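As the structure is a prediction and not an experimental result, all values here were calculated from the model. Counting convention: from 1, in listed order, for ligands and their atoms alike.
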Amino acid sequence: MVLRLNAVAGGLLLTLNLITQHVTADAQRNGHRTKQVPGGSTFYLGQERDLWQPLVHIAVHLSQINSIKSTFQLRTYDPEGAIFYGDTENGKEWFILALKDGNPLMLLYRKEVLVHVSGGPKLNDGQWHTLEVSNQGNHVILEVDGVKGLVMGLHSPQLEDVIYTKLRLGLGGILIDSDRVNIQFDPHLDGCIREGSFLNLTIPWELDSETLWPCYPNIQPGIFFPGTGLAILNTTGFLVEEENGMRMELVGDFSQMDGTILSIRSLAKELLFTLAANNETEEISLNLKGVGISLKNNVKNLTITLQKDSMTVFDHENDLTLSKSMQISQANPSIKWRDGHIAIGGLLGNGGDNIGSQFLTGCLEKILIQGKILDLDVAAKHKSISSHSCPA
Ligand SMILES: *[C@@H]1O[C@H](CO)[C@@H](O)[C@H](O)[C@H]1NC(C)=O
Ligand SMILES: *[C@@H]1O[C@H](CO)[C@@H](O)[C@H](O)[C@H]1NC(C)=O
Ligand SMILES: *[C@@H]1O[C@H](CO)[C@@H](O)[C@H](O)[C@H]1NC(C)=O
Ligand SMILES: *[C@@H]1O[C@H](CO)[C@@H](O)[C@H](O)[C@H]1NC(C)=O
């Protein structure tokens with residue numbers, strides 16, 4: 001099955017990619033050290049690094065290879081990201097296994113032809129799956145849990161087989177320029193790989209970092225905030241209509257949260273709105289430019305609507321609606337939600353230098369803004385936040 005995938009190049013993604021690139025550049029300047037790790041280690045692919053960079057990689061001579069098979073286990077709730085990469089002669093021919101919409105996606109570039117297939121079972125169900133990738137002649141075959149998932153081949157009898165001598169592999173990223181991958185996907189996968197055996201190689205892999213981040217033994221879907229950082233988005237990306245205000249739905253066990261869940265700041269860096277949880281007072285509080293609402297923290301599903309001069313919170317479980325308005329005056333004009341920034345997991349302060357405080361500890365199962373599920377992989381976010389899984 002061959003699918004053509006549409007490029008998702010909405011304004012949101014473009015805008016946020018700019019911020020993300022900025023963050024990535026910062027990370028680059030920090031410099032890296034290389035360490036060696038066994039290929040069978042447990043790898044958390046969401047570990048911080050440059051966007052397309054593999055977490056670990058290896059280069060071998062063809063004479064070192066005695067198998068055509070790579071097998072490993074994968075566990076994720078993330079629908080999209082790079083898993084496994086291989087190339088010959090520093091990228092002359094290359095192969096990528098990724099996830100897109102939760103399904104495996106394979107790309108193969110060989111003899112100046114790029115083919116891609118997508119399909120097979122959805123893998124982002126939080127369970128461990130065994131994947132096997134094998135290269136058989138002109139075909140690459142993916143098996144999932146012992147069942148043939150995808151087959152991809154190139155048939156061009158007029159082209160001769162070329163014998164290569166050098167092979168590189170990578171996990172969680174690619175080793176060629178991302179411009180050469182003409183299917184758009186976000187490479188960062190919040191997922192884990194373990195028990196890998198790659199072409200039956202026993203030599204260690206290169207890790208461009210000091211340590212491997214751990215994988216939690218058990219996970220549940222959600223965005224996990226360990227209390228050390230926030231994620232920032234540009235409200236312009238949500239195309240907020242001034243007349244309809246801004247609508248947000250938040251799902252999670254609020255009684256297990258502590259800190260600022262969400263805050264919104266204007267382009268002029270004025271704090272407009274905050275939503276915070278306090279596990280000592282057992283309260284959830286909303287604040288719209290000094291006007292407050294508070295409710296008990298035994299809630300799991302809140303819908304918040306922000307208008308130019310008011311806020312409403314609806315608690316689905318208890319079927320409770322609370323509303324407050326602020327006084328509009330020349331000194332306190334109505335709010336333009338369209339031009340600003342939303343922080344998830346922390347407080348954006350007034351003024352330029354205050355990039356965040358009161359970081360959230362807890363798991364947000366889901367956030368929808370204007371009816372759209374928020375994927376924090378497209379936000380500028382602190383490295384400690386995992387975008388699709390929480391420890392369970
Ligand atoms: C893997 O390599 C070892 C030697 O390093 C060899 O004994 C074994 O047969 C190989 N396994 C496969 C499946 O090729
Ligand atoms: C937010 O998006 C708007 C429109 O794309 C842009 O003009 C503005 O610079 C962005 N702000 C930031 C901080 O990225
Ligand atoms: C509140 O949350 C903080 C941060 O996670 C935690 O250290 C503390 O133990 C919690 N307190 C209560 C009473 O649950
Ligand atoms: C939250 O409540 C809305 C309205 O009742 C419902 O449609 C939605 O499924 C709920 N979400 C969860 C995760 O319970």
Side-chain angles (χ1 to χ4, degrees), residues 23 42 44 46-48 75-78 126 188 190-192 211-233 248-265 271 273-288 292-304 311 313 315-318 320 322 341-350 353-369 373-377 379-392:
V23 169
T42 298
Y44 173 57
Q47 179 164 344
E48 192 205 17
R75 183 192 67 183
T76 188
Y77 279 113
D78 192 345
H188 194 99
D190 176 7
C192 287
T211 52
L212 280 175
W213 291 12
C215 285
Y216 298 111
N218 298 299
I219 54 169
Q220 66 182 70
I223 309 169
F224 182 58
F225 297 87
T228 45
L230 51 68
I232 301 181
L233 299 127
M248 302 177 290
E249 291 163 67
L250 296 105
V251 179
D253 185 351
F254 285 77
S255 71
Q256 299 299 308
M257 297 182 202
D258 192 51
T260 300
I261 300 166
L262 189 148
S263 60
I264 303 178
R265 199 169 73 164
L271 189 61
F273 175 78
T274 60
L275 169 69
N278 187 325
N279 66 0
E280 304 256 313
T281 61
E282 300 184 355
E283 271 181 346
I284 302 294
S285 52
L286 293 83
N287 191 303
L288 177 77
I293 293 179
S294 73
L295 56 156
K296 289 290 290 173
N297 71 354
N298 62 344
V299 293
K300 294 210 156 60
N301 188 344
L302 296 179
T303 297
I304 296 168
M311 63 178 163
V313 55
D315 165 8
H316 292 273
E317 248 106 24
N318 303 310
L320 174 73
L322 297 167
H341 286 98
I342 305 184
I344 316 287
L347 179 67
L348 283 171
N350 285 306
D353 296 336
N354 191 338
I355 49 160
S357 62
Q358 297 176 29
F359 299 125
L360 177 66
T361 304
C363 176
L364 266 177
E365 279 168 42
K366 218 192 284 183
I367 314 176
L368 287 86
I369 296 184
I373 290 183
L374 188 62
D375 183 350
L376 279 198
D377 279 342
K381 67 175 175 61
H382 189 261
K383 60 184 181 176
S384 64
I385 299 168
S386 47
S387 51
H388 291 85
S389 60
C390 299

Check whether any side-chain heavy atom of [X] sits under 4.5 Å from a side-chain heavy atom of [Y], and report yes or no.
X    : Y    : result
Q358 : S263 : no
M257 : F225 : no
S384 : F359 : no

- [ ] Could you give me the CA-CA distance, side-chain angles and deciding distance for L286 and L295, then say whether side-chain contact (heavy atoms from CB on, under 4.5 Å) is met?
- [x] CA-CA 9 Å; L286 293 83; L295 56 156; 3.7 Å; yes
Open item on the list: Out of the candidates E283, E282, E317, only one should pair with K296 under the salt bridge (charged side-chain N to carboxylate O under 4.0 Å, His left out) rule; please name it.
Closed with: E282
TODO: Keeping the roles fixed (side chain from Q47, backbone from T211), state whether a donor-acceptor pair exists under 3.5 Å.
DONE: yes
Any protein N/O atoms within less than 3.5 Å of an N/O atom in ligand 3? List the atom names and distances, or say none.
from: ligand 3; atom 1: 2 (O); to: N279; atom 2: ND2; distance (Å): 2.2
from: ligand 3; atom 1: 11 (N); to: N279; atom 2: ND2; distance (Å): 2.9
from: ligand 3; atom 1: 14 (O); to: N279; atom 2: ND2; distance (Å): 3.3

